[in-house]
Amino acid sequence: AQTVTQSQPEMSVQEAETVTLSCTYDTSESNYYLFWYKQPPSRQMILVIRQEAYKQQNATENRFSVNFQKAAKSFSLKISDSQLGDTAMYFCALNFGNEKLTFGTGTRLTIIP
Amino acid sequence: GAGVSQSPRYKVAKRGQDVALRCDPISGHVSLFWYQQALGQGPEFLTYFQNEAQLDKSGLPSDRFFAERPEGSVSTLKIQRTQQEDSAVYLCASSLWLREGSPLHFGNGTRLTVT
């Protein structure tokens, strides 16, 4: 079985600052995929960033980047120059094989103006 | 359509009633997933379709839950004899590719409240 753990239920940060959200996971698979999804109050899950486990280079998408530590099974998300629109629930997720995603319990991020 | 569409957006049912939740995926998307998201939790997998074939229903919590996708496009999640523990947001997602690691595109979900 695979598990995803997010140990920070809530975080807040001043606008324009940098914030890092933590995620650890467990899987016996050697090739898998990791994701960060954002869920605003509209409830729609929006893909933020995706990482392939066999790629050592950390994925980046504009202000969003990850620190992927495969040996430690850690996958943290860094948001630079945070904006009010970044306020949302953030979910870390893992999948392999038939695309079934396993999600963590989420981190509620609030950007303070 | 432009995105995954789910209806209704909100549903209130009395305990014991049957409900049907609809998902209209992005046109051409082969894979379709249903997830259940309890309040304050992450989404939990329910079932998965590839075209009209239901390949995995291991996450359905009981035989009161049934999903179908008869023509490989629109899908319906049916819950019979609803119970209070069924109250949750039901999310539908679709993806274009068949290979692993394909990003999922989610709808806005249906919030089901059982009274």
Side-chain angles (χ1 to χ4, degrees), chain A residues 1-10 21-25 27 29-55 59 61 64 68 75 88-109, chain B residues 2-11 21 23 25-26 29-51 53-60 88-112:
Chain A
Q2 50 192 11
T3 60
V4 177
T5 302
Q6 294 179 250
S7 58
Q8 304 155 312
E10 295 188 23
L21 308 183
S22 301
C23 173
T24 58
Y25 61 92
T27 180
E29 300 294 325
S30 58
N31 190 26
Y32 49 88
Y33 297 80
L34 293 158
F35 304 81
W36 279 97
Y37 277 89
K38 168 185 177 181
Q39 188 177 41
S42 68
R43 298 201 304 257
Q44 185 179 24
M45 301 284 277
I46 302 166
L47 177 66
V48 174
I49 201 163
R50 172 179 176 269
Q51 174 80 41
E52 301 176 59
Y54 63 87
K55 288 188 176 179
E61 286 288 341
F64 299 87
F68 174 47
F75 183 61
M89 285 290 292
Y90 286 81
F91 292 95
C92 179
L94 164 71
N95 92 335
F96 69 97
N98 69 353
E99 306 178 50
K100 179 169 64 178
L101 276 173
T102 299
F103 287 89
T105 52
T107 296
R108 183 179 302 279
L109 176 65
Chain B
V4 177
S5 177
Q6 291 188 247
S7 61
R9 187 155 172 76
Y10 300 92
K11 177 69 179 177
L21 313 180
C23 173
I26 295 172
H29 277 199
V30 171
S31 301
L32 185 145
F33 297 80
W34 284 99
Y35 283 83
Q36 180 190 58
Q37 186 177 19
L39 186 64
Q41 299 296 314
E44 296 276 347
F45 170 80
L46 292 177
T47 187
Y48 161 56
F49 291 85
Q50 197 173 98
N51 295 308
Q54 189 174 20
L55 299 187
D56 187 346
K57 53 182 181 179
S58 61
L60 296 177
V89 172
Y90 291 85
L91 295 169
C92 176
S94 67
S95 76
L96 176 62
W97 302 322
L98 300 179
R99 66 180 181 89
E100 62 187 51
S102 305
L104 297 188
H105 301 264
F106 284 83
N108 287 340
T110 295
R111 181 181 296 280
L112 172 65

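In what follows, chains are A, B, ... by sequence order, proteins preceding strands, each numbered from 1. This structure is a prediction, so every number in the text was calculated from the model and none was measured.
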Sort B:Thr47 into side chain, backbone, both or neither according to what part of it lies under 4.5 angstrom from a heavy atom of chain A. neither

Options B:Pro43, B:Gly109, B:Ala93, ranked by heavy-atom pairs under 4.5 Å with chain A, top entry: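 Top option by heavy-atom pairs under 4.5 Å: B:Pro43.
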
Looking at every non-hydrogen atom in both residues, tell me the closest pair between A:Ser42 and B:Arg9 and how far apart they are.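 Distance-wise, the nearest heavy atoms are O-NH2, 3.0 Å.
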
Enclosure of B:Glu44 CD (heavy-atom neighbours >12, cutoff 6.0 Å):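 Atom CD in B:Glu44 is not packed in, count stays at 12 or less.
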
Give me the one residue out of B:Phe45, B:Tyr35, B:Phe33 that meets side-chain contact (heavy atoms from CB on, under 4.5 Å) with A:Leu101. B:Tyr35

So which heavy atom on B:Gly42 is nearest to which on A:Phe91, and how close?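 So the minimum-distance heavy-atom pair works out to CA-CE2, 3.4 Å.
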
Give, for atom CG of B:Leu104 and atom NZ of A:Lys100, the distance between the pair rounded to the nearest 0.5 Å.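 Answer for the CG-NZ pair, B:Leu104 versus A:Lys100, is 13.0 Å.
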
Against chain A, label B:Gln37 side chain, backbone, both or neither, depending on which of its atoms sit under 4.5 Å from a heavy atom there. side chain

Please list, chain by chain and in numerical order, all residues satisfying side-chain contact (heavy atoms from CB on, under 4.5 Å) with B:Gln41, sequence neighbours excluded.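 By the side-chain contact (heavy atoms from CB on, under 4.5 Å) rule, B:Gln41 matches A:Thr105, B:Ala38.
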
Can you see which heavy atom on A:Arg43 is nearest to which on B:Leu91, and at what distance? O-CD2, 3.9 Å

With sequence neighbours left out, write down each residue that passes side-chain contact (heavy atoms from CB on, under 4.5 Å) with A:Glu29, or none if nothing qualifies. A:Thr27, A:Tyr32, A:Phe96

Contact part of A:Gln39 toward chain B, heavy-atom cut-off under 4.5 Å: side chain, backbone, both or neither? side chain

What is the minimum heavy-atom distance between A:Gln44 and B:Phe106, and which atoms define it?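 That would be NE2-O, 2.9 Å.
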
